[in-house]
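Notes follow once the structure below has been shown.
What you see is a predicted model, and the numbers here were worked out from it, not measured in a lab.
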Amino acid sequence: LEDSAGGPGPVVVWSAVSSIAWSVLLLPVTAAVFVLLSRFSLFHPIQWISECTSLLTASSSIFSLVVLCGVVLITGLFNLEFYTLVPSIPCSRMALLGTVLHPRQCVHSLVYCTMGMLVMWCASVTIGGRYSTLGIPCRQSESGEVVTCLNEYHLFLLLAGAFMGYSHSFLGVVQNMYYVSFQPIQQYKYPRFKGCLPMVVKCSVIQSLYSARNFAALYLFFGYAPKTWISSTLHLQIDSSLQPLDSLTGLLEFSLLYHLTISGTFLYFTWYLTVLLFRIYVTEVLKCEGFIVGYIKANDITLVPVLKMNLMFFALQDLALLSQHSLSRRLEVFSLSQPGGHPHNWNAISRECLSLLSELTQRLVAHQDAVASNGRVKSQSASSDTRSASLSSSEDIAETPRLGVPLRTPGSVFKSSVGGVHSALTAPFTPDVDSPFSSPAIRRLVGQQEPLSPWFGTVQSPHIMRRGPKLWSASTGETARLKLTFTLSLNHGFSLSKMFSSNVQLPEASSQALFADSQVHIWALQGLSHLVAASFSEDQFGVVQTTLPNILSCLVVLLEAVDRHFKLPHASSKPVRAVCRMGDSTYKTLRFALRAALKTAIYKITTTFGEHLNAVNISTEHRKRLQQFLEFKE
C-alpha cells in the first residue's frame, strides 16, 4: 500500500491513476454539455446546434481540452497527496485559524486559484463573443484613435475563477473533502458512480450559485482596484463608453450572471467528479487471500506509521468480510500451526483487535477523567485509581501488546494518567502550547498556567469550580488540514467577528475527535464477534474458547466507557445535516455507529452461546451486564 518512505504505495497509486484516467475520459462529455449550455438559443435551435458542432471541432476547443486535462491531472495528484482515512477535526476556533495559516495550505490555495483561472479562461474562449480575449480594440472619444482596451467581461470571469478556486481549496479542508470513508454496504464501482452523480451535479450547481453571489458582492465593492492595476500593468486602456461591471447596473445583467453560473458549475463539476472517482477507486474492496494474516506478520517489523494505518484499514475491512462470508478463510484462522499445534493466526488477530478496543477504552476513560475534574487533569495517582477500577476485571486485555504505532487520529489532549502529557496515548495529539495560536485555556489545561491568570495556583472560588467542562482536543501534525473561515464565510452565513471573537469551544468537536478513527474499531468488533460466533460450530480445536473471557470483558468495559461518554454534554446530540456538500460528514456520526456495532457484537455472541456463557470465567459485574443482553433488555 505504501513504499518504504511513507508515500502512497502501488495499490493506492494505481487506484488514483485509474480515477484520473476516467476523469480525463469523461472530460469531453462534460465539455460538450458545457458548450451546449453556453451557446444555448431558444429561438434559433438550428443555428445553436450548428454553432456548437463547429465549435467542438475547432482548434481552440481542442487546445482548451488539453488545458483542462492538465487541470484534472493536477487535481488528481492533489487528491492522492492530501487524502486521509481519518478526518481532522478542529476543537477550537484558534486551532482553525492556526491551520489556515499553514504554508502548505497556502500553496494549495494558490495552486487552486491558478487552476480556477485556467478553467475560466477555457470557459471564456468557449463562450466566445465579448468574453473571448482580455484586450479588445476600442476608439478613444477625444482623438478617435483605435487602441487596445481592457475587456472587463473576460477579466471578470478570470477573477471569478480564482475566487472559486480558493473557495474549493477552503471548503475542501473545512468540510473534510479529502477525508475518504469506507461504505458500510459495498457496491460495485458503476452503480455507486451512477448513484452519486446526481448529488455531484446538485452540489456543483448550488456551490456555483453561492460563489457567484459572493464574488459579485466582492467585485461590486472591490472590483475597481484589480481592474485599474491590471490595465496599468498590461498598458491597456479602460473604455469609458461601456458600463463598468463594478456597479449595480453592470452586474445585474442576466447574460453575465448566467454565463458566470454555468461556468462555475462546469468548474466545480470537473473537480467534484475527480474527487468522487478517487473515493470510489480507493475504497474498493481488496480481495486478497490471507491479507489480514499478512498484515499481522508485517506488523511485527518496524514500519512507518502511515503505512501501518493504511494497512490496518484494509486488513480490518478484509477481516470483517472474511468473518462473515468466507468459510475457508475462517477455518484458516481457527487452524493450528504445524508442527507445534499453536493457534498463531487466531492469537495474532485477536491480540490486534483487543489492542485496538483497549486503546479506545483508555482514550475514553482519560477523556472522562478530564471532564470530571472540570477540564483540569487529575493527579497521576487519582487517574490510576479510576482506570484500575474500570479495568480491574480485564487485566489480561490491558497487558495485551498495544499497537506500536500512533495512529494519525484526533484525540484528547488531556494529560493521560499513563506517562503524563507526552505518553503514548496523547503524544500525537498534544498541542503546541508555545505556539502563538495557543490560547490561555489550552495552557492551563496542559498544566501551564499564567501567573496573572485567576486560574493560577489553587482555585478558591466556588463559582469558578462550577464552570462548565473545558473540552479540548487537537488534530495531528501534517494531517491537520483546516481552513480559516473569513474570506468565504458568506458561503455558510458566518461572520469573521463571530468566528474568531473568542476562544470558545466548538460544541461537538471533542466528541467527534475521540471517535474520528472508529471505523477500524467497528470493523474489529464485527470481525471479532463473527469469528467468535462462528467458532461455536466451526472451531474444532477450541482455540477461541481460551480467549473468550478476555474478549467478553473487553467488550463490556468498552460498552461501559461508551455509555458514560454519551452522558456528557453534546455527546448524544445529532449533527445538523447539510443541504448539499461534497465533504464526507460520516465521521460526525461514527460514535453512534460504534455504539450500535458494539451492542450488535455483544448480541451476536450472547445469542450464539446462550446459557453456555455462565461457564465462562468473568467478573460478577460483567456477568450481570451480559445477562441484560441474554434477556434482550439492552
Side-chain angles (χ1 to χ4, degrees), residues 22-69 71-72 75 115-133 151 153-165 167-168 193-194 196-216 219 245 251-277 580 582:
W22 275 108
S23 301
V24 172
L25 291 176
L26 292 175
L27 191 56
V29 179
T30 58
V33 174
F34 172 71
V35 168
L36 291 174
L37 293 176
S38 63
R39 295 296 185 95
F40 178 74
S41 177
L42 180 62
F43 301 104
H44 304 88
I46 299 178
Q47 181 182 359
W48 168 46
I49 298 297
S50 61
E51 286 182 356
C52 292
T53 305
S54 60
L55 181 61
L56 288 173
T57 57
S59 58
S60 60
S61 299
I62 297 176
F63 179 76
S64 299
L65 196 62
V66 172
V67 174
L68 292 174
C69 289
V71 171
V72 169
T75 304
M115 290 196 298
M117 294 181 70
L118 286 175
V119 174
M120 278 302 189
W121 177 83
C122 296
S124 62
V125 171
T126 301
I127 298 172
R130 59 183 182 179
Y131 302 98
S132 57
T133 59
N151 184 4
Y153 290 97
H154 186 89
L155 176 65
F156 183 80
L157 288 185
L158 292 183
L159 294 178
F163 180 83
M164 292 179 181
S167 300
H168 180 78
F193 174 78
K194 185 174 65 174
C196 295
L197 191 59
M199 182 266 296
V200 173
V201 176
K202 178 183 176 181
C203 291
S204 302
V205 173
I206 292 178
Q207 189 57 45
S208 177
L209 290 172
Y210 274 123
S211 298
R213 179 200 66 182
N214 297 337
F215 176 73
Y219 195 84
L245 295 184
L251 285 174
L252 296 179
E253 180 186 346
F254 176 78
S255 176
L256 176 66
L257 297 179
Y258 171 75
H259 286 112
L260 175 63
T261 303
I262 62 168
S263 300
T265 302
F266 173 67
L267 180 145
Y268 283 118
F269 182 79
T270 302
W271 286 337
Y272 289 168
L273 191 65
T274 307
V275 172
L276 173 64
L277 290 171
C580 185
M582 277 298 295

Note to self: Under the salt bridge (Lys or Arg N to Asp or Glu O under 4.0 Å) definition, can you give me all pairs with a residue in residues 35-64, not counting sequence neighbours?
What the structure shows: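 Qualifying pairs, neighbours excluded: Arg39-Glu51.
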
Item checked: salt bridge (Lys or Arg N to Asp or Glu O under 4.0 Å) contacts touching residues 253-268 (sequence neighbours left out) ->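 Checked against salt bridge (Lys or Arg N to Asp or Glu O under 4.0 Å) - neighbours excluded - the pairs reaching residues 253-268 are Arg130-Glu253.
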
Notebook entry, point to check: Mind checking what makes disulfide bond (SG atoms under 2.5 Å apart) contact with Cys203, not counting sequence neighbours?
Noted result: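 Once residues adjacent in sequence are excluded, the partners of Cys203 under the disulfide bond (SG atoms under 2.5 Å apart) criterion are Cys580.
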
Decide yes or no for [X] and [Y]: does some side-chain heavy atom of the first lie under 4.5 Å from some side-chain heavy atom of the second?
X	Y	answer
Val119	Thr270	no
Met164	Met120	yes
Ile49	Thr53	yes
Val200	Ser204	yes
Leu197	Leu273	yes

Check: Can you name the side-chain hydrogen bond (donor to acceptor under 3.5 Å, both in side chains) partners of Trp121, sequence neighbours left out?
Finding: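 Trp121: no side-chain hydrogen bond (donor to acceptor under 3.5 Å, both in side chains) contacts found.
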
Notebook entry, point to check: Can you name the closest pair of heavy atoms from Ser208 and Leu260 and give their distance?
Noted result: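 Result for this residue pair: OG-O, 4.3 Å.
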
Notebook entry, point to check: Considering all heavy atoms of both residues, which atom of Ser38 and which atom of Ile127 are nearest to each other, and what is their separation?
Noted result: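 Taking Ser38 first and Ile127 second, the nearest heavy atoms are CB-CG1, 3.8 Å.
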
Note to self: Can you classify the ring geometry of Phe40 versus Trp48 as parallel (below 30°), tilted (30 to 60°) or perpendicular (above 60°)?
What the structure shows: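 Phe40 vs Trp48 ring planes: perpendicular.
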
Next item on the list: Kindly assign one of parallel, tilted or perpendicular to the pair Tyr131 and Tyr153, based on the angle between their ring planes and the thresholds 30° and 60°.
Entry: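 Tyr131 and Tyr153: perpendicular rings.
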
Next item on the list: Apply ring-ring contact (aromatic ring centres under 6.0 Å, His included) to Phe34 and list each qualifying residue two or more places apart in sequence or on a separate chain.
Entry: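 Phe34 satisfies ring-ring contact (aromatic ring centres under 6.0 Å, His included) with Phe266 only.
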
Checklist line | Partner residues of Tyr219 under the ring-ring contact (aromatic ring centres under 6.0 Å, His included) criterion, sequence neighbours left out | finding: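 Partners of Tyr219 by the ring-ring contact (aromatic ring centres under 6.0 Å, His included) criterion, ordered by chain and then number, come out as Phe156, Phe215.
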
Item checked: side-chain contact (heavy atoms from CB on, under 4.5 Å) between Thr261 and Tyr258, worked out -> CA-CA 5 Å; Thr261 303; Tyr258 171 75; 5.9 Å; no

Note to self: Walk me through whether Tyr210 and Ser167 qualify under side chain to side chain donor-acceptor pair (under 3.5 Å).
What the structure shows: CA-CA 10 Å; Tyr210 274 123; Ser167 300; over 6 Å; no

